Amino acid sequence: MNPMFWLLPSLFVSQAMATEGYDPSAPTKTFTGQETYTQDGSAKLWSAVERHEDPDTRLFGPIEYNTLTAWPEEADYAPWIADLFGSTEPDSSTFLLHIGANEATATGTPILFVHGAGDNGSRGFAGLSIHMDTRGRPVYALTFPNAQQDMFQQAEIVADAIARVKERTGAKKVDLVGHSKGGIAVGIYISNAKGAEWGDTVYEDVGTVYRDDVRKVVLMGTPLGGIDTGFRWPSANLLSMDPETALAPTSWSEYYAYGTAYYWLVEDLSAQDFFPADGDLFPGQDQLLARHDEYPLPGSLPWLGSYALQIDWYTSYEGGFGFYTYSEGIDAAIESGDHLISRLAANGADPEIQIYLLGGENPLMPNGTEDFLALMFGEAFVDMATASSDQWAAFYASLVGDGLVSVGITEEEVQGLAQGKLMIGEVTGPSDGLVFTTSALNEDALNARGAVIVEARTANLSHLDLLYASPVTAALLEAEAAADPVEDGWKLALARRYAEEDTIGWVREALADEATEPEDTGGPDDSGGGGDDDTGEPDTAQPEETGDDDSGAEEDSDPTDDTGEDDSGKACSTGGGADAGAALGLMFAAAALLGRRKRRTG
C-alpha cells in the first residue's frame with residue numbers, strides 16, 4: 001500500500017488534532033440560546049456552549065450512572081447541562097465546551113477550566129471564569145459527561161478541548177486551571193510524554209501525547225499525593241448503601257447489619273465499591289487513591305469522640321472482616337486503579353510548563369443537611385447535635401493543640417458548628433476538609449522530569465471555598481451575615497477569610513498575560529472582575545435569533561419567554577457602574593457557594 005495513503009486524513013482535517021478521529025473543527029452541536037444562561041434565565045454565563053464527541057471506541061466505552069451521578073433534568077447547580085448533552089446519561093466520549101461571554105473581543109492566552117467530581121463547567125468555576133472573561137482573556141470551561149469517570153478518558157477529553165480552543169483562537173498554547181479530580185486529568189495530559197507508562201495499554205496506545213501546547217497550569221485542591229478518604233472514614237459508607245443513590249464508592253464490599261457472625265445475612269455492596277467486577281459507578285475514584293500512613297486513622301484517636309466512632313475502622317483500611325463489614329482494603333483498591341498516583345509522579349510533567357499549586361488548610365465546610373451528619377455518625381450525631389458552643393470550642397482547640405488542624409476557629413464558626421450550619425471535614429491532619437494539604441502541594445507528583453513549581457500556596461480555606469474567595473464574594477457573605485446574624489453569623493468569619501485569601505485574585509496574577517492584561521489600579525474591582533466599562537456584569541440581553549451557522553449552532557428559545565419579565569428587572573439594569581458590575585459578575589458564584597448541593601468531590 002502506498003505510504004501516502006496514511007497521510008490523506010491530515011489533509012482534510014484541522015492540524016490541531018487530539019485522539020485520532022477527533023475533529024476539533026466540527027462540534028456536534030452549538031447552543032447560543034437559553035442554554036447559555038443560568039437555569040432561571042436571569043443571567044447570561046456564556047456566549048455559546050458546544051457539544052463535542054471523540055469517536056475513539058477503544059478508550060471510550062459504556063459508562064454507568066445512578067440517580068445522583070446522572071445529570072438532573074433541571075437544577076440551578078447544573079444549568080441546562082442535561083439539555084446540552086441531550087441526555088441525563090451522556091456517553092463517555094462526549095463533552096461540553098463553555099465559551100466565555102466576551103470571546104469575540106478577548107485577547108491573550110486562552111484559559112481552560114477543568115472541574116472536579118460532582119461539579120460542572122457552569123458551577124464551581126463560575127466566579128473565576130467570569131472574572132477572567134471580563135478582564136479580556138479568552139475563557140473556556142469543560143463539562144465532563146460524568147464527573148466520576150475514568151481518569152484517562154478525562155485526560156483525553158482535556159486534550160480534545162485544548163485542540164478545540166486552539167482551533168477557535170489560533171493560539172499555540174493555553175493555560176489550564178484544574179480543581180480537585182479535574183487537576184489529575186490535567187496532570188496526566190501534561191505528563192503524557194512519548195513512552196510514558198500508565199498501566200493502561202489503551203491510553204498508552206491511543207492517548208494524545210503531550211503536544212507542547214500548555215503555557216501555565218494552576219491546580220487547586222488537587223490530590224496530587226492521592227486521597228484515602230473512603231477508607232479512612234468508613235462510616236461515610238452509610239451514605240452509599242443503595243447503589244441507586246450512592247454519593248461515592250464504598251470501601252466495604254459486604255455489610256452485615258447483625259454482625260459478621262450472622263454471615264448469611266449479608267448486603268452485597270460490590271455494585272458501588274471501588275472495584276469494577278460487579279459494576280463500576282465510580283471508575284475514576286480508585287485511580288485517586290494513595291495511603292497516608294503519616295496521619296493516624298480517626299478510629300485510633302478515641303479522644304476525637306464522635307469522630308472516632310468509625311465502623312470497623314481498622315479492617316476497612318487494611319482489609320478483612322470486621323464486626324459488621326468486609327473490605328478488600330485500600331492496597332487492593334490502589335492496585336485496582338493501577339497505582340495511578342505513583343505513575344503520575346514517575347512520569348512527571350513537561351518541564352517547560354509553569355505550574356502553580358493551591359492547597360487549603362481549613363476543614364470547616366458548610367453542612368448541606370443534618371441528614372449528612374446523622375448518616376455519617378449514626379447515633380453519635382445526637383451528641384454532636386446537642387453539643388454546646390463551649391464543647392465545640394474545646395474540641396476544636398484540642399485539634400489545633402495536637403497539630404491535626406493548622407488553623408484556629410472564630411466565635412462565629414463555633415456558633416455555626418453548634419447550629420449544625422458547619423461541619424468539620426478531614427481532621428486527622430491539616431487539610432481542606434477533603435484533601436490533605438500535603439497532598440495538594442505535593443511537588444514530587446510533577447517534577448520527575450525537572451518541572452519547576454513556581455509557587456505552592458496554602459490558603460485558610462476549605463476544598464470548595466478555594467474557588468470562590470475574593471473581596472467581592474466576601475462582601476456578599478458579610479451582607480448575608482448582617483441580614484440574619486443569628487442564622488448566618490458564621491458567614492462573617494468566612495467572609496474575612498475570603499477577603500484575606502483572595503484566591504480569585506491569586507489565580508489572575510498567576511495566569512498574568514502581560515501583553516494583554518489591563519493594569520491593576522488597586523480599585524475595589526481588583527478581585528471581582530469588571531474594569532472601566534459595563535462588561536463586568538452578567539449579560540442578560542436576550543439571545544440573538546442566530547439560526548444555524550457553520551458550527552452547527554441551533555436556534556434556541558428565549559430564556560424568559562414564559563416569565564413575562566422585561567429587561568428592567570434584570571441585573572444589567574441595576575446601575576452602579578463598574579463596581580456594581582464587578583459584584584454582579586460574581587453573584588452567581590456566591591449563589592453556587594451558599595446553595596451548593598452536598599456532594600463529595602474529589
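This is a predicted model, so every value here is computed, not measured.
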Rounded distance (nearest 0.5 Å) linking atom CG of Leu45 with atom CZ of Arg123: 13.5 Å
All pairs passing salt bridge (Lys or Arg N to Asp or Glu O under 4.0 Å) where residues 96-109 contributes a residue, at least two apart: Glu103-Arg168
4.5 Å side-chain heavy-atom contact, Arg58 and Val206: yes
With Ser47 via side chain to side chain donor-acceptor pair (under 3.5 Å) - residues at least two apart: none
Flag, side chain of Lys421 to backbone of Glu487, donor-acceptor distance under 3.5 Å: yes
Pairing residues for Ala440 by the side-chain contact (heavy atoms from CB on, under 4.5 Å) criterion, not counting sequence neighbours: Val435
Stepwise side chain to side chain contact (heavy atoms under 4.5 Å, CB included) test for Met220 and Phe125: CA-CA 11 Å; Met220 310 172 73; Phe125 280 120; 4.2 Å; yes
Rounded distance [0.5 Å steps], CG in Asp432 versus CG in Asn362: 9.5 Å
Contact summary for Gly124 and Asp119, nearest pair of heavy atoms: N-OD1, 3.1 Å
Side chain to side chain contact (heavy atoms under 4.5 Å, CB included) assessment of Leu511 paired with Tyr356: CA-CA 9 Å; Leu511 299 182; Tyr356 298 77; 5.7 Å; no
His52 and Tyr22 aromatic ring geometry - parallel, tilted or perpendicular at 30°/60° bounds: tilted
Gap separating the CE atom of Met151 from the CD1 atom of Ile157, nearest 0.5 angstrom: 10.0 Å
Audit row: Val139, Phe113, side chain to side chain contact (heavy atoms under 4.5 Å, CB included) steps and yes/no: CA-CA 8 Å; Val139 165; Phe113 293 97; 3.7 Å; yes
Pair Thr109, Asp175: side-chain N/O donor-acceptor within cut-off below 3.5 Å: no
Main-chain N/O of Ala70 paired to Glu89 side chain as donor or acceptor, under 3.5 Å: no
Heavy-atom side-chain proximity of Trp71 to Thr143 below 4.5 angstrom: yes
Leu461 vs Arg497 side-chain heavy atoms within contact, under 4.5 Å: yes
Donor-acceptor pair between Ser129 and Trp46 side chains, under 3.5 angstrom: no
Separation between CD1 of Ile188 and OG1 of Thr208, rounded to the nearest 0.5 Å: 12.5 Å
Backbone of Met365 reached by a side-chain donor or acceptor of Ser462 within 3.5 Å: no
Separation of Gln148 CD from Thr69 OG1 (nearest 0.5 Å): 7.5 Å
Distance in Å, Asp23 CG paired with Glu167 CD, rounded so as to fall on 0.5 Å steps: 7.5 Å
Minimum heavy-atom distance Thr38-Trp80, with the two atoms named: O-NE1, 3.1 Å
Nearest heavy-atom neighbours spanning Tyr210 and Ile190: CD1-CA, 4.0 Å
Verdict with reasoning, Leu464 to His179, per side chain to side chain contact (heavy atoms under 4.5 Å, CB included): CA-CA 9 Å; Leu464 290 175; His179 178 243; 3.8 Å; yes
Minimum side-chain heavy-atom gap Phe95-Asp54 below 4.5 Å: no
Heavy-atom check, side chain of Arg215 versus side chain of Lys172, under 4.5 Å: no
Residue pair Leu97 / Leu112, side-chain heavy-atom distance below 4.5 Å: yes
Check: Ser180 side chain, Gly182 main-chain N or O, donor-acceptor pair, under 3.5 Å: no
Glu244 CD: over 12 foreign heavy atoms closer than 6.0 Å: yes
Donor-acceptor under 3.5 Å (Asp150 side chain, Pro283 main chain): no
Pairing residues for Asp213 by the salt bridge (charged side-chain N to carboxylate O under 4.0 Å, His left out) criterion, not counting sequence neighbours: Lys166, Arg211
Gln149 side chain vs Gly284 backbone, donor-acceptor pair below 3.5 Å: no
Name of the residue among Val218, Ile162, Ile353, Leu219 meeting side chain to side chain contact (heavy atoms under 4.5 Å, CB included) with Leu176: Ile162
Student check: side-chain heavy atoms of Asp502 and Ile504 closer than 4.5 Å: yes
Shortest non-hydrogen contact from Ser92 toward Gly61: OG-O, 2.6 Å
Residues that Lys173 engages under salt bridge (charged side-chain N to carboxylate O under 4.0 Å, His left out), provided they are two or more places apart: Asp212
Heavy-atom closest contact (Pro72 atom, Ala82 atom, distance): O-CB, 3.5 Å
Lys44 side chain vs Ala101 backbone, donor-acceptor pair below 3.5 Å: no
Min side-chain heavy-atom separation Phe144-Val114 under 4.5 Å: yes
Expected output: side-chain Lys181 to main-chain Gln285 donor-acceptor under 3.5 Å: no
Donor-acceptor under 3.5 Å (Tyr65 side chain, Pro90 main chain): yes
Main-chain N/O of Tyr468 paired with Thr473 side-chain donor or acceptor, under 3.5 Å: yes
Pair Tyr498-Asp465, side-chain donor/acceptor within less than 3.5 Å: yes
Nearest atoms (heavy-atom pairs only) where Ala147 meets Gln154: O-NE2, 3.4 Å
Which residues share a side chain to side chain donor-acceptor pair (under 3.5 Å) with Asn120, sequence neighbours left out: none
